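This is the structure I have questions about; it appears just below.
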Protein chains: 2
Amino acid sequence: MTSVNQPHDHHLCISEALQEARTLCQQKGARLTYLREKVLELVWQSHQPIGAYDILAELAKQEERVAQPPTVYRALDFLLEQGLIHRLSSLNAFIGCPHPGKKHNSCFLICQNCRVTQEIDHQAINQSIASCATDQGFKITDAAIELTGLCSICQEAQG
Amino acid sequence: MTSVNQPHDHHLCISEALQEARTLCQQKGARLTYLREKVLELVWQSHQPIGAYDILAELAKQEERVAQPPTVYRALDFLLEQGLIHRLSSLNAFIGCPHPGKKHNSCFLICQNCRVTQEIDHQAINQSIASCATDQGFKITDAAIELTGLCSICQEAQG
DNA sequence: TGAAAGATGTTATATCATAACCGAATCGCT
DNA sequence: AGCGATTCGGTTATGATATAACATCTTTCA
């Protein structure tokens, strides 16, 4: 898979993500309603994390009815529960999960310049985190690993 | 060093933290004013992260004058710049740094039951993070590694 | 078909954080 | 000591993120 910060046909990312979501929700008996799918599509608009209120603003542009914050947050909560998106707490923003349905650990590389964010499932990180927890007798239920910096492209550009 | 979730003389933690802060600020020519030191002391009240508005409430109890949010946030910004505290973005809260002035990477173990939070500088994690970044040609400027779960004591208590 | 569960609409408010402006305190210099 | 520059904190207002609570509508399924 090519990296998210390389040029690519992004419509393909969107349609694949939506298709996977439909399949997964059907398998689980979860209801991917119009609104939820719409919000998921908006999250997948780009590989940059998007805030709840930005989603709200997009919805206001694209839909007849103007939604209120709880509407968006409920859709986001659903998508989080289904593992279709992730929340980045260092940005208060959301991003699509590139491999939903598959058990994985996430590490996010967030470019502070172009904001493109890449999700990695890195074995060495997973193992070191696990061994750290074991050392301390700590039982992890949730891990937020968010690395901010410059992606390779922005480094070159700013060189 | 004994773990923060073991019983210990916490007044010692506070006084050591304050003393280190005074020394470091003096070395750097940074002004650790009454208010900043007071806020640092409140952050060190416990090994549980504290929110800005909780600090504000404590200040209101302990001081004549009732402070406003910017006052607290400015003090927190100063303490962050000086490396005396850390911000936990998954909690929107702040915690004292146990070894300020020493260059280190932080990994936080946050107990979801007792909320006691331990800061670890774990070599294997540091290395794996670094190698992940290298793999991707990513240049890290800031890392937020926040692991939520159950500390050893709360695991025992909850069976 | 009708009761229960689930989804969304709606209003209000909680929670976290900062902009902008001003006066007071402190510092560095002569 | 006096003065100008800088930093600090007070104050008001507001921005940004998130949720509680209750009403209504839709879907499910016995």
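All of these numbers come straight from a predicted model, not from anything done at the bench. Heavy-atom basis, side chains included; hydrogens, waters and symmetry copies ignored. Here is the naming used below: chain letters follow the sequence lines, and residue numbers restart at 1 for every chain.
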With B:His47 via side chain to side chain donor-acceptor pair (under 3.5 Å) - residues at least two apart: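 Side chain to side chain donor-acceptor pair (under 3.5 Å) list for B:His47, sorted by chain: B:His8, B:His10.
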Please work out which residues in residues 68-81 of chain B have a non-hydrogen atom less than 4.0 Å from an atom of DNA chain D and list them by number.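 Nucleic-acid contacts, sorted: B:Gln68, B:Pro70, B:Thr71, B:Arg74.
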Which whole-number value in Å describes the distance from B:Leu88 CG to C:dC16 C1'?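 The answer, rounded to whole Å, is 15 Å.
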side-chain contact (heavy atoms from CB on, under 4.5 Å) between B:Leu42 and B:Asp54, worked out: CA-CA 9 Å; B:Leu42 290 173; B:Asp54 294 328; over 6 Å; no
What string of B, S and - do you get for nucleotides 22-30 of chain C, 5' to 3', when a contact is any protein heavy atom under 4.0 Å? ----SS---
Output the rounded distance in Å from NZ (B:Lys38) to P (D:dG9).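 The answer, rounded to whole Å, is 15 Å.
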Less than 3.5 Å apart, which donor and acceptor atoms pair up between the side chains of residues 16-26 of chain A and the rest of the protein, not counting sequence neighbours?
unit_1, atom_1, unit_2, atom_2, d
A:Gln19, OE1, A:Arg22, NH1, 2.9
A:Arg22, NE, A:Glu37, OE2, 3.3
A:Arg22, NH2, A:Glu37, OE2, 2.8
A:Thr23, OG1, A:Gln19, O, 3.0

Which residues satisfy the side chain to side chain donor-acceptor pair (under 3.5 Å) test with B:Thr148, sequence neighbours excluded?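 With sequence neighbours excluded, B:Thr148 shows a side chain to side chain donor-acceptor pair (under 3.5 Å) to no residue whatsoever.
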For residues 40-64 of chain B, which residues have at least one heavy atom under 4.0 Å from DNA chain C?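 B:Tyr53, in order of number.
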What pairs of donor and acceptor atoms, side-chain ones from residues 57-71 of chain B against any protein atom, are under 3.5 angstrom apart with sequence neighbours left out?
unit_1, atom_1, unit_2, atom_2, d
B:Glu58, OE1, B:Gln62, NE2, 3.2
B:Glu58, OE2, B:Lys61, NZ, 3.1
B:Gln62, OE1, B:Lys38, NZ, 2.8
B:Glu63, OE1, B:Tyr34, OH, 3.1
B:Glu63, OE2, B:Tyr34, OH, 2.9

Rounded to the nearest Å, what distance is computed from the CG atom of residue A:Leu35 to the C1' atom of nucleotide C:dG9?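 Interatomic distance, CG of A:Leu35 to C1' of C:dG9: 11 Å.
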Which residues pass the side chain to side chain donor-acceptor pair (under 3.5 Å) test with A:Asp121, sequence neighbours left out?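 So A:Asp121 forms a side chain to side chain donor-acceptor pair (under 3.5 Å) with A:Asn126.
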Please identify each residue that fulfils salt bridge (charged side-chain N to carboxylate O under 4.0 Å, His left out) with B:Lys102, with sequence neighbours left out.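 By the salt bridge (charged side-chain N to carboxylate O under 4.0 Å, His left out) rule, B:Lys102 matches no residue at all.
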Atom-pair distance (CZ on B:Arg36; P on D:dG10), nearest Å: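 Distance check: B:Arg36 CZ to D:dG10 P gives 11 Å.
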Ring center gap for B:His104 and B:His86 short of 6.0 angstrom: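 Yes.
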Which residue lies toward the 5' end of DNA chain C, A:Arg65 or B:Phe94, if each is placed at its nearest nucleotide?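 Nearest-nucleotide comparison on DNA chain C picks A:Arg65.
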Looking at residues at least two apart in the chain, or sitting in another chain, which of them share a side chain to side chain donor-acceptor pair (under 3.5 Å) with B:Glu41?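 Not a single residue meets the side chain to side chain donor-acceptor pair (under 3.5 Å) criterion with B:Glu41.
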ILVMFWY cluster membership beyond B:Leu150 - transitive side-chain contacts under 4.5 angstrom: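 Via sub-4.5 Å side-chain contacts, B:Leu150 links to none.
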Transitive ILVMFWY cluster of A:Ile129 at side-chain heavy atoms under 4.5 Å: who else is in it?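 Besides A:Ile129, the hydrophobic cluster comprises A:Leu109, A:Ile120, A:Ile125, A:Phe138, A:Ile140, A:Ile145, A:Leu147, B:Leu109, B:Ile120, B:Ile125, B:Ile129, B:Phe138, B:Ile140, B:Ile145, B:Leu147, listed by chain and residue number.
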